[in-house]
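To keep things clear, I will list the structure first and then write my remarks on it.
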Amino acid sequence: MLKLLKLEYYKNLNYRPFKVFTILYFGIITLFLFIGLVSFDLFGKTINLKEEGIYNFPEIWNFTTYIVGALKIFLGLIIVFSICQEFTNRMFKQNTIDGLSRENFIGSKLITITLFTIISTIVVFGITMFLGYKYSTTTESAKIYAEIFFIGNYFLKLFSFFCFLMFLSILLRKSIFVFLALFVLWFAEFIIGITEVRLKLSGLTTKEQMENVLQNDFFFSKLFPLESMSNLIPNPLVRLNTAKFIGLKYEFTYPTESLIACLGWCAIFIIGSYWILKKRDW
């Protein structure tokens with residue numbers, strides 16, 4: 001394991017995009033987590049997210065993981081460029097000639113993915129605790145750790161997304177094709193999801209739609225890769241003080257189906273990546 005980690009380190013040490021996007025990612029997520037300290041005008045009204053309660057325990061876990069989760073593409077760029085350059089520069093073929101097995105290649109990428117995910121999770125956890133203790137209206141232990149499971153969901157969301165990008169990178173080998181495929185798959189999931197909802201709601205009254213379908217029915221589109229990752233951390237905007245004031249109610253049911261789906265997709269992406277490496281003539 002240490003040997004594979006050193007191999008990845010030396011491969012990326014002099015690769016400029018690797019260093020640039022790593023610095024960009026951790027710099028941007030730090031700035032975004034402190035965004036609540038800044039007031040801004042929206043439709044003529046001054047908004048301060050700190051006063052809206054985004055730093056209050058336990059809501060802060062939802063806010064910070066959701067905000068940073070939206071920026072995962074920056075770290076994903078590193079994964080994609082790192083893998084694709086190995087095929088573009090024929091580094092993979094040379095490494096296999098030198099004795100690197102397919103298992104070692106997949107293992108080295110998984111170590112990199114896991115390391116990035118752990119570091120990002122620790123950074124988010126540390127900043128969240130700092131902001132929560134400094135600006136939360138309560139620091140009771142029960143409140144602090146009530147929704148810490150969002151950190152675990154954040155870890156799984158990142159790890160699943162990076163495994164997905166690893167699979168696409170090994171399959172397509174060109175970064176431009178990877179991001180094009182990512183966009184097409186995201187758009188396809190969106191269209192299929194909208195279509196499934198419309199079919200289920202067709203011919204029903206508004207009350208039936210809200211109470212019987214949207215709240216209780218199972219949607220297969222929620223098991224798609226990107227959708228299941230997204231559902232691990234719900235949009236926290238309804239938890240703002242303003243949202244509560246106008247009557248919006250926050251209800252959260254742990255997304256067990258999404259968690260199981262993400263674990264399943266991780267296994268599929270890892271096994272699929274290995275299968276492609278074994279079967280394709282490089």
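Hydrogens, waters and symmetry mates play no part in the numbers below; they use all other heavy atoms, side chains included.
In this structure, Tyr25 and Val68 have side chains that are in contact, with non-hydrogen atoms separated by less than 4.5 Å. Counting only heavy atoms from C-beta outward, the side chains of Cys163 and Leu110 approach each other to under 4.5 Å. Residues Ile60 and Glu147 have side chains not in contact (no heavy-atom distance under 4.5 Å, counting atoms from C-beta outward). Using a 4.5 Å cut-off on side-chain heavy atoms (C-beta onward), Ile78 and Leu75 make contact. Between Met229 and Trp265, the closest side-chain pair of non-hydrogen atoms is not below 4.5 Å. A 4.5 Å side-chain heavy-atom check between Leu77 and Phe179 finds at least one atom pair inside the cut-off. Between Tyr135 and Ile54 the shortest side-chain heavy-atom distance does not fall below 4.5 Å. Taking the side chain as every heavy atom from C-beta outward, Phe159 and Thr121 never approach each other to under 4.5 Å.
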Check against side-chain contact (heavy atoms from CB on, under 4.5 Å), Ile73 and Phe161
CA-CA 9 Å; Ile73 190 62; Phe161 184 66; 4.0 Å; yes

Which is it for Phe125 and Trp61 under the ring pair (Phe, Tyr, Trp, His ring centres under 6.0 Å) test, yes or no, and what are the steps along the way?
CA-CA 8 Å; Phe125 175 83; Trp61 297 109; 5.7 Å; yes

Please determine whether side-chain contact (heavy atoms from CB on, under 4.5 Å) holds for the pair Thr138 and Asn56, giving the CA-CA distance in whole Å, both sets of side-chain angles, and the decisive distance to 0.1 Å.
CA-CA 7 Å; Thr138 178; Asn56 290 339; 5.8 Å; no

One pair to check against side-chain contact (heavy atoms from CB on, under 4.5 Å): Thr112 and Ser82. What are the steps and the verdict?
CA-CA 10 Å; Thr112 301; Ser82 173; 5.8 Å; no

Report the C-alpha separation of Glu227 and Asn231 in whole Å, then their side-chain angles, then the decisive distance to 0.1 Å, and conclude whether the side-chain contact (heavy atoms from CB on, under 4.5 Å) test is met.
CA-CA 6 Å; Glu227 183 66 18; Asn231 290 334; 3.4 Å; yes

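A side-chain donor-acceptor contact under 3.5 Å links Asn153 to the backbone of Leu232. Side-chain N or O atoms of Ser136 include one that pairs as donor or acceptor with a backbone N or O of Phe57 at under 3.5 Å. With hydrogens and angles ignored, the 3.5 Å screen pairs no side-chain donor or acceptor of Asn62 with any backbone N or O of Phe150. Looking at Ser160, its side chain never comes within 3.5 Å of a backbone N or O of Lys157 through a donor-acceptor pair. Ser230 places no side-chain N or O within 3.5 Å of a backbone atom of Leu226 that could act as its donor or acceptor partner. Of the possible polar contacts, one joining the Arg102 side chain to the Leu277 backbone as a donor-acceptor pair under 3.5 Å is found. Side-chain atoms of Ser120 never come within 3.5 Å of backbone atoms of Thr117 as a donor-acceptor pair (strictly under, hydrogens ignored).
Residue Tyr254 places its OH atom among more than 12 non-hydrogen atoms of other residues, nucleotides or ligands, all under 6.0 Å distant. Surrounding CZ of Phe149 are more than 12 heavy atoms belonging to other residues, nucleotides or ligands, all under 6.0 Å away.
Follow the hydrophobic side-chain contacts under 4.5 Å out from Leu180 and you never reach Val80; the two are in separate clusters. A chain of hydrophobic side-chain contacts below 4.5 Å, direct or via other Ile, Leu, Val, Met, Phe, Trp or Tyr residues, connects Leu182 to Ile176. Val124 and Ile23 are not part of a single hydrophobic cluster, where members link through side-chain heavy atoms under 4.5 Å apart.
Here the two rings, on Trp186 and Phe224, have centers that are 6.0 Å apart or farther. For Phe269 and Phe167, the ring centers are positioned less than 6.0 Å apart.
Residues Thr64 and Tyr154 bring no donor and acceptor atom of their side chains to less than 3.5 Å of each other.
Other residues sharing the hydrophobic cluster of Ile271, ordered by chain and number and joined by side-chain separations under 4.5 Å: none, the residue standing alone.
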